[in-house]
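These numbers were taken from a predicted model, which means no experiment stands behind them. Chain letters run A, B, ... following the sequence lines, proteins first and then strands; every chain starts at 1.
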There are 2 protein chains.
Amino acid sequence: MDPSSSSKDRILDAAGQVFREKGFAGASMQLIARKAGVSKSLLYHHFESKQELWRAMVDQCFQRSGILERFYSIVASGDMRSLADFAEGEEGLFHFLGRNPGVVRMMNWLDLEGGFGKGFPDPCARDAVLARIREMVDRGVIRADIDPVVLPIVYMSICVNWFSARWKYLDWFAGERDEESIDRRFIRGAIDILLRGMTPDGKD
Amino acid sequence: MDPSSSSKDRILDAAGQVFREKGFAGASMQLIARKAGVSKSLLYHHFESKQELWRAMVDQCFQRSGILERFYSIVASGDMRSLADFAEGEEGLFHFLGRNPGVVRMMNWLDLEGGFGKGFPDPCARDAVLARIREMVDRGVIRADIDPVVLPIVYMSICVNWFSARWKYLDWFAGERDEESIDRRFIRGAIDILLRGMTPDGKD
DNA sequence: TTGCCGACTGACCGTTCGGTCAGCTTGGAG
DNA sequence: CTCCAAGCTGACCGAACGGTCAGTCGGCAA
């Protein structure tokens, strides 16, 4: 842990590591303090409780990664000409999530342990997402008979689950050089299935 | 908790409820014992440790749901004439998982907390799954240029994540009668996307 | 120099954790 | 009836938990 940064930042970083690895229930304040190189008491000097530290770590995780801005700019802006911008491009959400596996894993803990922390996407994202999808349907880049509610959930599910369960599938990708190239291959393959479906000619 | 069943079964049932809700780290033997209506000591009479109880509960969960037999019969048998049998039919894996949300949620805990418990799909499933996909490609029911490794992972991801995060999306499905009909609508929509893709005519 | 404040610590609190153990009850075999 | 094993319990253990608190320290303003 970098000793030059402020102790509060070091605590947040350590909390990020421990919480993301073990979840809320599995993490202990002792371990976070040890990883940050400070006493346990200092955690309570900067944060009211374990839940408060968790919340702060979630906020920092979202903020530092810029996922919310990225998400809303992709969803709400009008400059998305095709699905490629949405999913396939290096600047698309899928690759962005792929470049931030920690955030995605944290999102999975939020799903399972529920409760505190704002979660993502938050409730107010719904209308923006649905409006965007409806617009893309109007422009003909998304099939009209697709369920507009199901689509974003499927999209998120694939990404969120991958970064929790990928360790189970590492040996399925025998021959790949490293984990990063496995990630890339999975994302490319998943986007391909999402865009074009698994059947030939889009029919069963 | 049904008092007529054996105490060991009551413990396993209670462990299932608590573990699935709180995960391994978040669950306590005290609470499981209380839910089962027995003393904590009895848990240790029937099971060596907390890990052993977790493992037994995972086994019972897999066995009772019949998910492994179902999975291997779907994957390995030759009587699957089309993708409909694999995914869309009421007897397909997707609907089967939808009818067993507890198993799916447990699988998500296994993914995140890693470690003990055999997990699913187990490593030896890989070859069977890949052979099956290759055969379906040969018969022309799956596109030849699809990544055969990515497909089953995407498939599992959608299902596993849905039953962990569905509480976040309940209000996205405004107008649906109950949670069961939401599940049905999601599964139908997700299978539709999986089979046919989100683009019209299967192209971007 | 004094006073104050925020950063920081170690000792400590009550509680709960996973786990142990001696001993009680019960029912079937001999 | 005796015996024994299995089912079952409450009291208990040391460790770890989240959290508190009195107090030390360095820096800064007056």
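- Taking atom CG of A:Asp9 as the reference point, atom P of C:dA7 lies 12 Å away to the nearest angstrom.
- Going from atom CG of A:Leu43 over to atom C1' of D:dC17 covers 14 Å, rounded to whole Å.
- Look at CD1 on A:Ile11: it is 14 Å from C1' on C:dG6, rounded to the nearest Å.
- Taking only distance into account, the side chain of A:Lys40 meets the base of D:dG18 through a donor-acceptor pair shorter than 3.5 Å.
- Atom-to-atom, CD of A:Glu52 to P of D:dG18 comes out at 15 Å; the value is rounded to the nearest Å.
- In terms of phosphate contacts, A:His45 brings no side-chain nitrogen or oxygen within less than 4.0 Å of OP1 or OP2 of C:dC8.
- The listed nucleotides are C:dT9, D:dG19, C:dC8; the one nearest the side chain of A:Tyr44 is D:dG19.
- With C:dG18, D:dG7, C:dC8 as the choices, the nucleotide that has an atom nearest any side-chain atom of B:Ser28 turns out to be C:dG18.
- Between B:Lys8 atom NZ and D:dC8 atom C1' there is a gap of 15 Å when expressed in whole angstrom units.
- Scanning atom types as modelled, no donor and acceptor separated by under 3.5 angstrom connect the side chain of B:Lys50 and the base of C:dG19.
- When the C1' atom of C:dT20 is taken as reference, atom CE of B:Met29 falls 13 Å away, rounded to whole Å.
- Dashed line: the shortest gap from a side-chain N or O of B:Ser7 to OP1 or OP2 of D:dG7 is not under 4.0 Å.
- Salt bridge A:Asp171/B:Arg126: absent, no basic N to carboxylate O contact under 4.0 Å.
- Of the two residues near DNA chain C, B:Arg34 and A:Gln30, the one whose nearest nucleotide lies more 5' is A:Gln30.
- Every residue two or more places apart in sequence or in another chain that forms a side-chain contact (heavy atoms from CB on, under 4.5 Å) with B:Glu179 is listed here: B:Arg166, B:Leu170.
- To the nearest angstrom, C1' of D:dG23 lies 15 Å from CG of A:Leu42.
- If you check every strand for non-hydrogen atoms under 4.0 Å, A:Ala27 touches sugar and phosphate atoms only.
- Rounded to a whole Å, the NZ atom of B:Lys22 is 12 Å from the P atom of C:dG18.
- In this structure, B:Ser41 does not reach the D:dG10 phosphate: none of its side-chain N or O atoms is under 4.0 Å from OP1 or OP2.
- More than 12 heavy atoms of other residues, nucleotides or ligands shown are found within 6.0 angstrom of CD on B:Glu52.
- Atoms CD1 and CZ, from A:Ile146 and B:Arg196 in turn, are 10.0 Å apart once rounded to the nearest 0.5 Å.
- Contacts of A:Ser39 with the nucleic acid, taken as non-hydrogen atoms under 4.0 Å apart, include base atoms.
- Looking at B:Ile142 and B:Leu151, their side chains come closer than 4.5 Å, going by heavy atoms from C-beta outward.
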